Number of protein chains: 2
Amino acid sequence: MKTTPKTSAKVTIFEVAAEAGVSFATVSRVINNDVHVKPETRQRVLKTMQRLGFVANRQARSLAGGKSNTIGLLVPDLGTAYIGEIIRGIDTELSWSDLDLILYTTHRTAAKEANYVANLAHGMVDGLLLVLPRNPVDYIETLTLRKFPFVLIDHQGTAENCPAVGATNWQGAYTATEYLIQLGHERIGFITGSMDLGCSEDRLKGYRSALRTHHIPDKPELVYEGDFFQPDGYAGACALLDLENPPTAIFASNDVMAMGVLDAVRNRGQRIPDDISVVGFDNIPQSAMVYPPITTVQQPLEQMGRVAAQMLINILKKNEKESNRIELPTELIVRSSTSSPRDRAG
Amino acid sequence: MKTTPKTSAKVTIFEVAAEAGVSFATVSRVINNDVHVKPETRQRVLKTMQRLGFVANRQARSLAGGKSNTIGLLVPDLGTAYIGEIIRGIDTELSWSDLDLILYTTHRTAAKEANYVANLAHGMVDGLLLVLPRNPVDYIETLTLRKFPFVLIDHQGTAENCPAVGATNWQGAYTATEYLIQLGHERIGFITGSMDLGCSEDRLKGYRSALRTHHIPDKPELVYEGDFFQPDGYAGACALLDLENPPTAIFASNDVMAMGVLDAVRNRGQRIPDDISVVGFDNIPQSAMVYPPITTVQQPLEQMGRVAAQMLINILKKNEKESNRIELPTELIVRSSTSSPRDRAG
DNA sequence: CGTTTTCATGAAAGCGCTTGCATGATATTT
DNA sequence: AAATATCATGCAAGCGCTTTCATGAAAACG
């Protein structure tokens, strides 16, 4: 007679205990891998659990144990591949642990973000992963004060001294700009990201530093303020190309805007890279698939997710604040959207 | 003196009750919008809660109330924009309710999927959203038996009679194929999706039906079995173009594979759409951004997510099984990867 | 004005589990 | 062999909340 593990009703540790002939406390110990259980007892209990199809009630465990075995992930939105890559990294890392992931979308609303953080930190999750936080100052202090574990992802904090993983934005922008300069470009347009984000600032600074290093004047009219969305890339390109002395290259602060630039340039009947070179940032998958494939600065997004998850898990385990900020290297990926400027004499 | 809502330690309903001068049961009633609370009492309690920065402990509520206010989302992976779009829809809909979202990735492992479902259904979540389920037969019966709320997304069930939202795959494939036929194509290659998924079968059938309607023989060598990933699109295109009498158009069962086809065709020095027309399926964002923009069958992914979430919420609310399967319409999006076949005499 | 109904509120019993403490049962020591 | 240390296990007190039932007060009734 085969005993089916039919989970018809709820099986509690009591039933398992009764079946296995031990007290429910022992069952609990087995669940929690407590050392103080005789191996053979453990085996017996485990088998019984299996046979009865027992699944521990997470809520109860959380309530009694004081932790939820769940971490919260707060993302601004889900519209872009950017976030997707990061989530993938986090998910990969989490799959090794027994932590669950609760996903929250702030829809880029600062108020909502702070609110979520407050609620989440209130016992719903054991730790928090904050992607591209909008107004972290509002709550980081509280979080730190309460020693609530969290890791910031892709946030160039205002020198806050808290766990974060980011990328070398400055370096990436510097390298890309320098690359354009070495190709012979001297008028290089720049489309910024959302300027309330630290990474946007860093990229802009990297761009400016490269110009300075190479003694190229930094003309303010060549910098257009965008917000990381495609339409702004389009608008930025139009604005830059409408200048009486337009740039020969445009460096967009992310790939999505770079695609907007591509569109704009094409719509104006100009060719890439012959007339205008274009560089993006992020290296999201489709940047390689558009035409022409975009030269871009790779941000190790998936890796950032992984590292952040690791950091958080470590903090959770050791119950102490981990090393502070980790910066993962960016890398220039040269593809077909860049070339030396055409002889402008023509 | 302003009382700061410092959430220094945990505030329980007891403290709120004491502060507000009521019993903790009343506080609970306020939290749960129980009718039996005098309006003025409710106000007083609400204010106290605010002042103290009270946040209800979800775990405790779940344990006591028997529901988690959380729904589980099971996705095969996070690598593609396909899933991202669906999640966006779900997220949007959920943001109106007070349900949380726990995300699980099965990494396309059937065993893991069944396992997750078993665990989740065990009180961790109130309902389940299953995207592109792999081997649902394994657990759907159990779920149905136990009346556990769930909705399948993009699953062409084996006539299971359960809540699901999908798209008119057959119709979409039929329309796209017919469109190619009307352009003058007679040899149309087809790259299938993962054949263990119902939608793949439906698309294949739609393709075949269109051929039949137009009295075009259905040559088996023109159908290549893929798995929805880009490399298979590439491989499929190579295989089809290597035929001694190659097709003049290739219809890939999703956009990602269509991009593989694009690559393959380009690498062979042929041009799209001049030499080969290419059609995809899904209309993921980047299908419009690659070169050339791909003609594709739009699947309303975001909407599918939204509708599925709505269905689940309804089931949860009414505590009864909702209408069964909902099919959202697909639509042919004509872009630049298709044209009439070149005069083959040349 | 006394009685019945209505209604806001309080008291208390859990929800399923973790964990510190107590208790026998072995194992170790001299 | 007696005394002590070690270990497996049981007991019971919560974790913070929901919810049923009981209760006293106010409202409605004759």
Side-chain angles (χ1 to χ4, degrees), chain A residues 7 9-46 48-49 52-70 98 100 119-126, chain B residues 7 9-46 48-49 52-70 98 100 119-126:
Chain A
T7 332
K10 51 190 73 181
V11 182
T12 71
I13 51 172
F14 289 87
E15 337 227 338
V16 176
E19 276 289 308
V22 295
S23 86
F24 66 90
T26 302
V27 178
S28 173
R29 291 205 179 85
V30 171
I31 296 172
N32 293 286
N33 280 313
D34 192 304
V35 253
H36 295 298
V37 178
K38 207 197 298 182
E40 66 179 64
T41 311
R42 180 187 306 280
Q43 282 314 310
R44 188 151 38 92
V45 172
L46 282 174
T48 312
M49 285 182 9
L52 264 45
F54 169 81
V55 179
N57 178 316
R58 208 124 184 160
Q59 268 72 41
R61 293 189 68 182
S62 305
L63 184 54
K67 53 192 162 70
S68 63
N69 298 308
T70 299
D98 69 337
D100 282 331
N119 280 31
L120 289 168
H122 214 91
M124 251 177 81
V125 298
D126 295 341
Chain B
T7 331
K10 52 190 74 181
V11 182
T12 71
I13 51 172
F14 288 87
E15 337 227 336
V16 177
E19 275 290 308
V22 296
S23 84
F24 65 90
T26 302
V27 177
S28 173
R29 291 202 181 88
V30 171
I31 295 172
N32 293 287
N33 280 314
D34 193 305
V35 254
H36 295 297
V37 178
K38 208 198 298 181
E40 66 180 62
T41 310
R42 180 186 306 279
Q43 281 315 310
R44 187 150 39 90
V45 173
L46 283 173
T48 312
M49 287 185 1
L52 264 45
F54 169 82
V55 179
N57 178 317
R58 208 126 182 158
Q59 269 71 40
R61 294 189 68 182
S62 304
L63 185 55
K67 55 193 162 70
S68 62
N69 297 309
T70 299
D98 68 336
D100 282 332
N119 279 31
L120 289 169
H122 215 90
M124 253 176 79
V125 298
D126 294 341

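These figures come from a predicted structure and were not determined experimentally. Each chain gets a letter, A, B and so on, in the order the sequences are listed, and its residues count up from 1.
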Nearest-angstrom distance from the residue atom [atom1] of [X] to [atom2] of [N]:
{"X": "B:L63", "N": "C:dC17", "atom1": "CG", "atom2": "C1'", "result": "8 Å"}
{"X": "B:N57", "N": "D:dG16", "atom1": "CG", "atom2": "P", "result": "7 Å"}
{"X": "A:Q59", "N": "D:dT18", "atom1": "CD", "atom2": "P", "result": "13 Å"}
{"X": "A:I31", "N": "C:dT19", "atom1": "CD1", "atom2": "P", "result": "11 Å"}
{"X": "A:R58", "N": "D:dG16", "atom1": "CZ", "atom2": "P", "result": "20 Å"}
{"X": "B:E40", "N": "D:dA26", "atom1": "CD", "atom2": "P", "result": "12 Å"}

Next item on the list: Using a 4.5 Å cut-off on heavy atoms from C-beta on, say whether the side chain of B:F54 contacts that of B:T48.
Entry: no

Checklist line | Note, A:V22 side chain near A:V27 side chain (heavy atom, < 4.5 Å) | finding: yes

Strictly below 4.0 Å: does A:S28 bring a side-chain N or O up to OP1 or OP2 of C:dT18?
yes

A:N32 vs C:dT18: side-chain N/O to OP1/OP2 distance below 4.0 Å | yes

Its contact letters, B for base, S for sugar-phosphate only and - for none at protein heavy atoms under 4.0 Å, make nucleotides 6-14 of chain C read --SBBBB-B

A:R58 and A:N69 have their tightest heavy-atom pair at NH2-O, 3.2 Å

Applying salt bridge (Lys or Arg N to Asp or Glu O under 4.0 Å) to A:E19 and not counting sequence neighbours gives A:R51

- prompt: Hey, does the side chain of B:T70 reach the backbone of B:S68 with a donor-acceptor pair shorter than 3.5 angstrom?
  reply: yes

Applied to residues 37-46 of chain B, the side chain to side chain donor-acceptor pair (under 3.5 Å) test, sequence neighbours excluded, yields none

- Describe the nucleic acid contact of A:G66 in one word from base, sugar-phosphate, nothing, applying a heavy-atom distance below 4.0 Å. nothing

